[in-house]
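Within every chain, numbering begins at 1; the chains are lettered A, B, ... in the order of the sequence lines, protein sequences first and strands thereafter.
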There are 2 protein chains.
Amino acid sequence: MAVRERDPARTRRTVLDAATRVVAEKGAGVSIDTIARAAGVSKGGLLHHFRSRDELILALAEDMLEQFAAMVHAAVDPADRAEGRLLRGYVRASFDAIRDETSPAEHVAMTAAVVNVPGVSELMRRDKQRWEEFFAADGLDLQRILVIQRATDGASIAGLYEGGHQHQELAYMRELLLAMTYASTPFADVQQPADWSWPSVSTDVE
Amino acid sequence: MAVRERDPARTRRTVLDAATRVVAEKGAGVSIDTIARAAGVSKGGLLHHFRSRDELILALAEDMLEQFAAMVHAAVDPADRAEGRLLRGYVRASFDAIRDETSPAEHVAMTAAVVNVPGVSELMRRDKQRWEEFFAADGLDLQRILVIQRATDGASIAGLYEGGHQHQELAYMRELLLAMTYASTPFADVQQPADWSWPSVSTDVE
DNA sequence: TTCAGCAAACCATTCGGTCGGCTATTAGAG
DNA sequence: CTCTAATAGCCGACCGAATGGTTTGCTGAA
């Protein structure tokens, strides 16, 4: 296949990838110029694909959520037919992302760092709902889903402040949370509010 | 008590409080000028107390960690003599901070948004270690501490993307995690790495 | 009287975004 | 299939606004 000198789709991807790297490294405050240079394009060129900085950040957040979702799906063991397989994929994908150090600040911290950009908050709310629906089809009870997913997220952030050496803690958490998806009894006897529908209904969209 | 027109300690506090509010509201990228105006002082006046923006942000992060620690201690039930009382204080303080909406982006998200400033990362590492030592004195087994603390942190971030209506989820998580501190059996049978010391030794301080 | 606390004008730099121009690519006419 | 006109992709200079930080000078406190 001939290498085209101008390939807008490829350029867009290049920019998004560079943005992921740079933002992870220097925080969400980076200038579009820095991102552009990291991607090997001019600022003008970048702004041709993303009409404003906010639009770029929004697209970046969207892209990261998508990529993470893909990682989760890829981490689901196809041979695994037991209840909780989806949740196990989530756990594996999360911890592997930290271990591989795809980025020092990976998806959780990054999205937190970017949440003030218009539109991102709404985006993440929808994403959260998608995960709810996803896990609702997993066959597990709500309690286990919530505890394990939240603990995974919490471990992800905790993994950021690493001296670089608590691999052991992360490894332990990974195995522990995976094992917890097979638990035969509830972790505690607490009844949920009677009027609580889960996953949260999306009827409150105006 | 007479109100002094010039009170450096009070001014410093005012600035820190204003910074907390403003950063929570508009993200970590706010200008020192904005913070200064929110605090009712001039930029020059602010820079008299904090020699640079980074120093201000660092002091801010330090202050937030301190405040949160104080909230945790205040949330420990003095009549509670059972094992896990410290952890229960942590859970209560975290969820109450979300509920009271002290800030839309409270301590976890905020620190994540600010982690790229020089010194903050180191600061949070030390803070994490302090919590480890704190909880190690709690009498609970490592497994419960880790799961419950991480789940609490995870729930804190999840609480940010609220449509404003999953109070029920937060309330449920709060009660659930509190109940889990009383669990009589392990959540899962996973052995920890043999060569793992916890809390992590602080000998790696150079 | 002296100095810390603070204000306000000031400065160099950087930022997000626009604009005009150049060129690779493509659609369409012949 | 070829030539051409139109367009999309991209660059780099440019602009006004905003930013972090400095300086100068005033004033209340000790």
Side-chain angles (χ1 to χ4, degrees), chain A residues 1-23 25-63 113-120, chain B residues 1-61 63 113-120:
Chain A
M1 182 166 64
V3 173
R4 293 137 54 98
E5 277 186 44
R6 290 189 179 176
D7 186 337
R10 183 171 47 124
T11 302
R12 207 188 135 93
R13 260 262 58 90
T14 305
V15 169
L16 245 23
D17 288 342
T20 304
R21 289 198 315 272
V22 173
V23 169
E25 185 179 341
K26 314 200 176 188
V30 282
S31 67
I32 52 180
D33 191 69
T34 304
I35 296 175
R37 260 201 291 272
V41 299
S42 70
K43 190 165 63 162
L46 188 153
L47 284 170
H48 175 76
H49 290 277
F50 307 92
R51 288 190 294 203
S52 72
R53 198 193 115 97
D54 281 357
E55 198 169 294
L56 167 63
I57 298 292
L58 185 61
L60 177 60
E62 207 166 352
D63 186 60
V114 121
V115 78
N116 54 317
V117 172
V120 171
Chain B
M1 180 167 65
V3 173
R4 294 137 52 99
E5 278 188 42
R6 290 191 177 178
D7 186 338
R10 184 172 44 122
T11 302
R12 207 186 133 93
R13 260 265 52 95
T14 305
V15 169
L16 244 23
D17 289 341
T20 304
R21 288 199 315 272
V22 173
V23 170
E25 184 179 342
K26 314 200 177 192
V30 282
S31 68
I32 51 180
D33 190 70
T34 303
I35 296 176
R37 259 201 293 270
V41 299
S42 70
K43 191 166 61 165
L46 189 154
L47 284 169
H48 175 75
H49 291 275
F50 307 92
R51 285 190 295 201
S52 71
R53 198 194 114 98
D54 280 359
E55 198 169 293
L56 167 62
I57 298 291
L58 185 60
L60 177 61
D63 185 61
V114 122
V115 78
N116 53 316
V117 172
V120 171

> What is the distance, rounded to the nearest whole Å, between atom CD of B/Glu55 and atom P of D/dG21?
Replying inline: 10 Å

> At under 4.0 Å, does any side-chain N or O of A/His48 touch on OP1 or OP2 of D/dG9?
Replying inline: yes

> Heavy atoms, side chains only, cut-off 4.5 Å: are A/Thr11 and A/His49 in contact?
Replying inline: yes

> In whole Å, what is the span from the CZ atom of A/Arg6 to the P atom of D/dG9?
Replying inline: 9 Å

>> Is A/Ser31 close enough to C/dC15 that one of its side-chain N or O atoms is under 4.0 Å from OP1 or OP2 there?
In response: yes

>> At less than 4.0 Å, is any side-chain N or O atom of A/His49 found next to OP1 or OP2 of D/dA8? Yes or no.
In response: no

>> How many whole angstroms separate atom CZ of A/Phe50 from atom P of D/dC10?
In response: 11 Å

> If you check every side-chain atom of B/Ile32, which of D/dG20, D/dT27, D/dA8 has the closest atom?
Replying inline: D/dG20

> Going by modelled atom types, is there a donor-acceptor pair between the base of C/dT25 and the side chain of A/Arg4 at under 3.5 Å?
Replying inline: no

> Could you give the CG-to-P distance, from A/Leu46 to C/dC19, as a whole number of Å?
Replying inline: 18 Å

> Is any side-chain heavy atom of A/Val41 less than 4.5 Å from a side-chain heavy atom of A/Thr14?
Replying inline: no

>> So A/Leu56 and A/Leu16, do their side chains get closer than 4.5 Å, heavy atoms only?
In response: yes

> Is the backbone N or O of A/Lys26 less than 3.5 Å from a side-chain atom of B/Asn116, with the two atoms forming a donor-acceptor pair by type?
Replying inline: yes

> Is the base of D/dG12 touched by the side chain of A/Lys43 through a donor-acceptor pair closer than 3.5 angstrom?
Replying inline: no

> Of the candidate nucleotides D/dG20, D/dG9, D/dG28, which contains the atom at the shortest distance from the side chain of B/Glu5?
Replying inline: D/dG28

>> Can you say whether a donor on the side chain of B/Arg53 sits under 3.5 Å from an acceptor on the base of D/dT19, or the other way round?
In response: no

> Would you call B/Asp17 and B/Arg10 a salt bridge, taking side-chain N to carboxylate O under 4.0 Å as the test?
Replying inline: no

>> Tell me the interatomic distance from B/Arg37, atom CZ, to D/dA18, atom C1', rounded to whole angstroms.
In response: 11 Å

>> Please compare A/Thr34 and A/Leu47 by the position of their nearest nucleotide in DNA chain C and report the one closer to 5'.
In response: A/Thr34

> 5'-most contact on DNA chain D: B/Arg51 or A/Asp7, nearest heavy atom basis?
Replying inline: A/Asp7

> Rounded to the Å, how far apart are B/Asp33 CG and C/dA9 C1'?
Replying inline: 13 Å

> Which nucleotide in the list C/dG5, C/dT25, C/dA7 gets nearest to the side chain of B/Ser42?
Replying inline: C/dA7

> Closer than 4.0 Å, any side-chain N/O of A/Thr11 to the OP1 or OP2 of D/dC10?
Replying inline: yes

> In whole angstroms, how far is the C1' atom of C/dA4 from the CZ atom of B/Arg10?
Replying inline: 15 Å

> Between D/dG9, C/dG17, C/dA8, which one does the side chain of A/Ser52 approach most closely?
Replying inline: C/dG17

